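Here is the structure we will look at.
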Amino acid sequence: MIDTSNINPLENEAIYIMREVAAQFEKPVLLFSGGKDSITLVRLAQKAFYPAKIPFPLMHIDTGHNFPETIEFRDRLVKELGLELIVRDVQDSIDEGKVKEESGRYASRNQLQTTTLLDAIEEFKFDACIGGARRDEEKARAKERIFSVRDDFGQWDEKNQRPELFDMLNGQIELGQNVRVFPISNWTELDVWSYIQKENIEIPSIYFAHTRATFLRDGLIWSADDAVVYRDEEEEVVDRIVRFRTVGDMSCTAAVLSEAADISSVVQEIRESSISERGARIDDKRSEAAMEKRKQQGYF
Amino acid sequence: MDVLKIATAGSVDDGKSTLIGRLLYDTKSLTTDKLEAIEKKSKQLGYDYLDFSLATDGLVAEREQGITIDVAHIYFSTAAKSYIIADTPGHVEYTRNMVTGASTSQVAIVLIDARKGVIEQTNRHFFINNLLRIKTVIVAINKMDLVDFSEERYNEIKADFEALMSKRDYQDQSITFIPVSALKGDNVVNKSDNTPWYSGETLLEHLETIDQKDVFNAGTPRFPVQYVIRPKTEDYHDFRGYAGKVYGGELSVGDDVVILPSQTKSKIKEIHFYDQKVQTASRRSSVLITLEDDVNISRGDMIVKANDLPIIDKQFTATISWMDSQNLTAGNKYVIQHGVNKVLAKVDTIHHKINPDYSGIEESIAGLGMNDIATVTFKLNKPVFYDAFKDHRTNGSFIIIDTKSNNTVGAGFIQ
């Protein structure tokens with residue numbers, strides 16, 4: 001027999017949060033990008049409600065610039081687990097003229113996701129959106145509550161957040177407001193990887209070392225496989241052995257040189273790494289307050 | 001791995017954010033890119049040192065004003081354990097955010113500026129740690145470099161703080177004094193050559209020795225039902241499980257239990273953790289319990305051991321920390337969230353306001369303003385099942401929710 005005191009305290013906390021969402025809200029949704037954090041959320045949700053099914057759908061805001069490996073993985077996962085998946089496309093928001101595609105060498109659809117997300121929340125009347133953001137990712141994220149109230153416009157009021165005391169989560173909101181919920185707030189990148197290893201959770205292949213056609217810009221390694229990543233002609237394409245630490249939009253997610261081809265090598269690499277996870281996300285480098293600004297506008 | 005949660009407390013400019021930055025830097029937890037960003041920004045601001053607070057003050061408004069407004073959570077780990085530090089604001093007007101940060105912490109670090117010594121804010125911070133019954137308090141006497149690492153000054157401050165300690169009501173508290181310079185790195189992670197007269201541990205050495213298992217008041221087992229799980233599938237047609245987290249003690253298969261408020265008796269049949277069945281669920285584990293009998297249980301009910309019932313009552317008296325700009329006055333109605341249970345509450349009596357600088361109490365108070373602390377009796381529309389906060393950290397605490405704004409407007413500690 002197993003004594004549960006050895007079970008990860010962070011896992012217990014996340015399961016508790018998942019159950020609070022299901023109990024306190026009428027229409028929750030789990031925001032799923034196919035990345036390691038949201039895959040971890042799916043496992044935690046399974047654990048929270050077992051032997052019943054996860055009592056809310058998953059939703060992917062698809063920028064259209066995702067790594068094909070991620071989309072393939074996403075579809076397989078929802079099929080295997082019998083989950084409901086909602087997909088809303090940034091391309092539709094562009095076609096409807098709600099957002100304008102950026103151009104030039106730093107063009108990215110990452111920021112455009114916000115509009116598509118807010119529209120989807122309104123369309124389905126979701127009152128709670130579970131996301132895989134972690135406070136260790138970025139300094140504005142470090143300020144985020146576990147239950148983070150967003151107003152009618154999806155906005156985060158960073159200077160006037162609800163106090164969050166003990167582990168009592170207050171999910172009371174008015175019609176039109178919604179709550180962003182972050183069950184793995186207190187996890188670090190290493191915690192997530194260690195958990196994936198311990199639980200033997202499958203993740204998309206791009207997280208492991210593979211040979212990829214790449215080019216260098218601003219000291220970062222970019223995928224040259226797809227036309228969505230802007231490349232100058234003089235930027236030379238070279239095959240490199242790389243992996244991705246984070247799988248955001250292709251246009252703003254750089255690869256890292258790595259030989260880590262299995263989960264234990266990845267955990268070892270993260271343990272020894274001297275670069276932060278978001279060091280390879282160009283969207284955070286736009287300004288010192290890039291994340292805070294995006295969150296104020298309704299980014300997850 | 002074990003996780004130790006720490007809250008910092010200190011007045012403005014006592015160097016809380018700098019201390020955290022130093023801990024991160026000296027434990028090599030700051031990644032190269034984050035360090036480069038700090039170097040660049042410090043240089044741009046014209047500082048001749050690295051301003052580590054730039055790593056923790058995550059909001060634009062905080063960096064503009066050079067102060068911490070809201071709690072930031074900072075993470076680092078050593079080979080021994082993982083740490084979560086709540087970097088809480090020092091300004092009096094952000095006391096509520098300090099209570100927020102401290103409410104989930106096991107250890108408090110109170111910072112004192114060696115030049116200023118014990119000031120009114122130190123009283124306030126120690127009072128709050130005491131109110132929250134934080135067992136382990138570290139008093140970091142900071143900026144020792146600015147008082148020439150004077151042993152005499154250190155002892156003076158220590159004596160002043162000990163005078164403060166004599167006023168507290170919670171005696172079961174371990175307090176350690178450490179002379180540090182967060183800016184220069186003395187006695188934070190590495191032993192300092194500048195304080196040969198200090199033979200104690202560095203801050204990190206001390207943190208590493210804390211046994212977090214004993215930090216949270218063990219209390220007796222309480223199992224508030226969060227969510228009822230009824231799969232209604234072929235395999236689990238009649239399955240009815242109660243999901244929740246164990247607070248205090250532990251629950252085992254075969255335990256005789258009572259379900260509140262119905263006071264129905266039953267026995268624990270099985271304890272599930274995901275697809276495994278376990279014999280015992282210890283405190284803070286999120287499990288699923290099934291019972292021998294078919295009992296009607298819903299969210300907010302509580303499963304407890306038959307020989308160890310909490311107090312069941314439609315009123316209680318508590319010390320509350322008020323956090324809203326709208327005053328609390330006698331007769332006002334609020335929602336009280338006690339664990340996962342919500343009840344309607346009416347403010348019956350405000351007994352007195354407590355001055356968190358230990359200067360006594362104020363009688364006949366009509367209302368409470370933002371950041372006030374007072375003893376208040378609430379009348380409830382239905383019974384809650386509680387323990388005194390001193391006996392049970394979780395089952396003796398609650399939050400107050402405004403019925404109009406839905407905001408969390410206060411925190412309470414039941415007497």
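Since we're looking at a predicted model, the values are computed, not measured. Just so it is clear: chains get the letters A, B, ... in the order the sequence lines come, proteins before strands, and each one is counted from 1.
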Exercise for the section: Would you mind telling me which of B:Lys28, B:His272, B:Arg299 has the largest number of heavy-atom pairs within less than 4.5 Å of chain A? Expected result: B:Arg299

Problem - Top contributor to chain A interface from B:Leu288, B:Leu30, B:Thr32 [non-hydrogen pairs under 4.5 Å] - result: B:Thr32

Fill in the blank from the handout: Residue from B:Phe76, B:Tyr236, B:Tyr274 scoring the most non-hydrogen pairs under 4.5 Å with chain A is B:Tyr274

Exercise for the section: Would you mind checking if A:Glu269 and A:Arg245 are paired as a salt bridge, meaning a charged N to carboxylate O distance below 4.0 Å? Expected result: no

Practice task
Heavy-atom distances under 4.5 Å only: say whether A:Ile173 touches chain B with side chain, backbone, both or neither.
Solution key: backbone

Handout entry: Sidechain N-carboxylate O distance under 4.0 Å for A:Arg141, A:Asp136
Key = no

Practice task
Using a cut-off of under 4.5 Å on heavy-atom pairs, state which of A:Asn170, A:Thr188, A:Leu169, A:Ile15 scores highest against chain B.
Solution key: A:Asn170

Exercise for the section: Would you mind checking if A:Arg145 and A:Glu164 are paired as a salt bridge, meaning a charged N to carboxylate O distance below 4.0 Å? Expected result: no

Exercise for the section: Let me know if B:Val99 has heavy atoms under 4.5 Å from chain A in its side chain, its backbone, both or neither. Expected result: both

Exercise for the section: Look at B:Ile401, B:Leu35, B:Ile84 and state which one has the largest set of heavy-atom pairs under 4.5 Å with chain A. Expected result: B:Ile401

Exercise for the section: Please identify each residue that fulfils salt bridge (Lys or Arg N to Asp or Glu O under 4.0 Å) with A:Glu199, with sequence neighbours left out. Expected result: A:Arg43, A:Lys47

Practice task
Counting only heavy atoms closer than 4.5 Å, note whether A:Ala14 contacts chain B via side chain, backbone, both or neither.
Solution key: neither

Problem - Residue B:Ser29 versus chain A: region with a heavy atom under 4.5 Å - result: neither

Problem - Stepwise side chain to side chain contact (heavy atoms under 4.5 Å, CB included) test for B:Lys40 and B:Leu45 - result: CA-CA 9 Å; B:Lys40 204 171 125 192; B:Leu45 292 169; over 6 Å; no

Practice task
Evaluate the side chain to side chain contact (heavy atoms under 4.5 Å, CB included) criterion for residues B:Ile74 and B:Tyr83: first the C-alpha distance (whole Å), next the side-chain angles of each, then the deciding distance (0.1 Å), finally the verdict.
Solution key: CA-CA 8 Å; B:Ile74 314 296; B:Tyr83 293 93; over 6 Å; no

Handout entry: Residues A:Glu13 and B:Lys245 bridged, charged N to O under 4.0 Å
Key = no

Exercise for the section: Could you list all the side-chain hydrogen bond (donor to acceptor under 3.5 Å, both in side chains) pairs where at least one residue sits in residues 225-235 of chain B, not counting sequence neighbours? Expected result: A:Glu20-B:Gln226

Exercise for the section: Could you look at B:Leu132 and say if it's the side chain, the backbone, both or neither that has a heavy atom under 4.5 Å from chain A? Expected result: side chain

Practice task
Under 4.5 Å heavy-atom distance to chain B, tell me which part of A:Glu174 shows up: side chain, backbone, both or neither.
Solution key: both

